[in-house]
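Here is the structure we will look at, set down as structure tokens.
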Number of protein chains: 2
Amino acid sequence: MNRSLTRRQQEIYDFLSQHGSEFEHPPTLDELCNALGLSSKGSLHKQIQALVDAGLVEPMNNQRRGVRLIQEEDHTALPVLGYIAAGHPIEAIEQRETIQVPELLRTARPCYVLQVRGDSMIEDGILDGDHIVIEQREQARNGEIVVALIDGSDATLKRIEQRPGEVILHPANSQMSPMRFSPDQVSIQGVLVGQMRVYH
Amino acid sequence: MNRSLTRRQQEIYDFLSQHGSEFEHPPTLDELCNALGLSSKGSLHKQIQALVDAGLVEPMNNQRRGVRLIQEEDHTALPVLGYIAAGHPIEAIEQRETIQVPELLRTARPCYVLQVRGDSMIEDGILDGDHIVIEQREQARNGEIVVALIDGSDATLKRIEQRPGEVILHPANSQMSPMRFSPDQVSIQGVLVGQMRVYH
DNA sequence: CCCTTATGTTCTATGTGTGTTCTATTATAG
DNA sequence: CTATAATAGAACACACATAGAACATAAGGG
């Protein structure tokens with residue numbers, strides 16, 4: 001889809017990117033002309049139409065200040081919802097953040113990313129600061145590592161064991177003990193499908 | 001398809017590779033002529049046409065600045081060179097393989113990916129089967145985890161400690177012992193900058 | 001509600017940068 | 001010598017860009 005833009009179109013696109021991050025409202029055609037050193041908004045309009053056709057700018061049907069860039073979503077990116085530390089609610093990140101996730105590390109189902117806090121899974125090779133990829137689903141098989149919500153408030157990352165009448169959450173840290181709950185206390189938020197770590 | 005290029009064609013191709021990584025827009029034929037010391041764009045055009053026929057350059061149908069190299073490279077992908085197991089040469093993969101690597105997990109320098117075999121770094125959270133991202137360089141700071149080549153043949157992934165007159169490679173496995181070498185026995189192949197694991 | 005103003009849309013005309021094609025000439029290798 | 005590669009240069013065709021006028025539509029004020 002990223003067809004080649006002409007030099008001028010690229011210039012206009014770059015200016016729009018720049019402008020969009022600085023000002024709340026898109027510019028008018030006249031303002032654009034002024035900024036780009038053009039004297040004919042008719043010419044400019046033609047260029048912008050090319051960007052619309054290229055799928056980079058929203059179609060502006062007679063709207064004022066309608067020159068808005070289409071923010072094309074990166075299909076390889078997933079939202080980073082926040083931090084997960086054993087025994088605390090998931091701590092949301094202020095502004096919406098995303099991170100690229102290789103296809104290999106995700107599944108066809110909806111996934112999201114959390115950042116790990118703490119050492120509760122250290123013996124399974126999940127360290128403090130790691131990014132983990134979670135597949136969003138409400139059921140898990142025994143032995144899977146899940147994001148579990150306890151009593152509707154506290155989230156934790158543990159290996160799950162579901163027995164008749166009870167649910168056991170196993171940490172991977174010999175200094176911590178498995179936790180037992182009744183099934184109605186525990187709701188599964190997702191299952192671990194990938195993990196990433198930065199060393200630099 | 002990859003028929004042999006003539007001397008001039010190779011030269012042009014090389015220049016285009018160079019240019020493409022530096023400038024956003026492809027050059028015009030005139031610019032190319034100038035850069036290559038030609039005075040006839042007609043001649044150049046013929047050469048470029050040969051590159052098009054060879055499948056190395058996109059067909060430029062009357063487009064301005066249409067001299068683009070064909071590149072199907074996914075910029076988020078890195079080559080997977082093979083498996084690394086302590087004390088063996090890196091086992092190359094038959095067919096060239098690549099894997100997507102998030103920007104966060106790589107650096108600006110050239111990087112490649114290996115897959116880990118064995119548990120020698122298990123206590124640092126690097127498990128059998130993990131994919132690791134290696135930044136290609138020949139020097140390392142003490143404490144960094146490196147791909148080291150011992151005696152020119154055996155590759156291994158260890159934490160490095162460089163002392164005057166000796167190099168110590170530390171595994172992260174209490175059942176294994178640090179290994180000592182003289183500096184001329186050890187050559188650093190790269191430094192660990194990222195790690196990924198699949199759980200599904 | 002109408003009028004004005006600001007702004008987006010459409011059209012024609014024009015210039016020029018740039019790719020294309022051609023012919024002719026000169027190297028270079030076998 | 002012959003064939004291939006490489007070059008120059010002219011002539012051409014078209015993509016790209018621009019200006020400017022005229023028209024259409026939205027927004028706001030009286």
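This structure is a prediction, so every number in the text was calculated from the model and none was measured. Each chain gets a letter, A, B and so on, in the order the sequences are listed, and its residues count up from 1.
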Sorted by position of nearest nucleotide on DNA chain D, 5' first, the leading residue of A:S39 and A:N61 is A:S39
Result for 5'-nearest mapping on DNA chain D, choosing between A:S40 and A:Q9, is A:Q9
Is a side-chain donor-acceptor pair under 3.5 Å present for B:D14 with B:Q10?
yes
With no angle test and no hydrogens, is the base of C:dT18 tied to the side chain of B:R65 by a donor-acceptor pair under 3.5 Å? no
For B:I84 and B:T156 the tightest heavy-atom approach is CD1-C, 3.7 Å
Atom CD of B:Q63 and atom P of D:dC16 are separated, to the nearest Å, by 6 Å
Rounded to whole Å, the CD-P distance (A:E31 to C:dT7) equals 7 Å
With sequence neighbours left out, the residues meeting salt bridge (Lys or Arg N to Asp or Glu O under 4.0 Å) with A:R109 are A:E135
Per-nt protein contacts along nucleotides 22-30 of chain C (heavy atom under 4.0 Å; B base, S backbone sugar-phosphate only, - none) come out as ---------
From CG of B:L29 across to C1' of D:dT7 the rounded distance in Å is 15 Å
Strictly below 4.0 Å: does B:H45 bring a side-chain N or O up to OP1 or OP2 of C:dT20? yes
Atom CG of A:D30 and atom C1' of D:dA19 are separated, to the nearest Å, by 14 Å
Exercise for review: Would you classify B:L38 as touching base, sugar-phosphate or nothing, given that sugar-phosphate means primed atoms plus P, OP1 and OP2, and contacts are heavy atoms under 4.0 Å?
Suggested key: sugar-phosphate
Worksheet item: Just by distance, with hydrogens left out, do A:E138 and A:S187 show a side-chain donor and acceptor under 3.5 Å apart?
Response: no
note: B:R64, atom CZ; C:dG17, atom P; distance rounded to Å ~ 12 Å
>> If we count only N and O atoms by modelled type, under 3.5 Å, do the side chains of A:E161 and A:H170 hold a donor and an acceptor together?
In response: yes
Side chains of B:T28 and B:D30: do they bring a donor and an acceptor to under 3.5 Å?
no
Atom CG of B:L44 and atom C1' of D:dA8 are separated, to the nearest Å, by 13 Å
Taken to the nearest whole Å, CD/B:Q47 to C1'/C:dT21 is 15 Å
*Any chance the side chains of B:T76 and A:Q100 put a donor and an acceptor closer than 3.5 Å?*
no
Rounded to whole Å, the CG-P distance (B:L36 to D:dA6) equals 12 Å
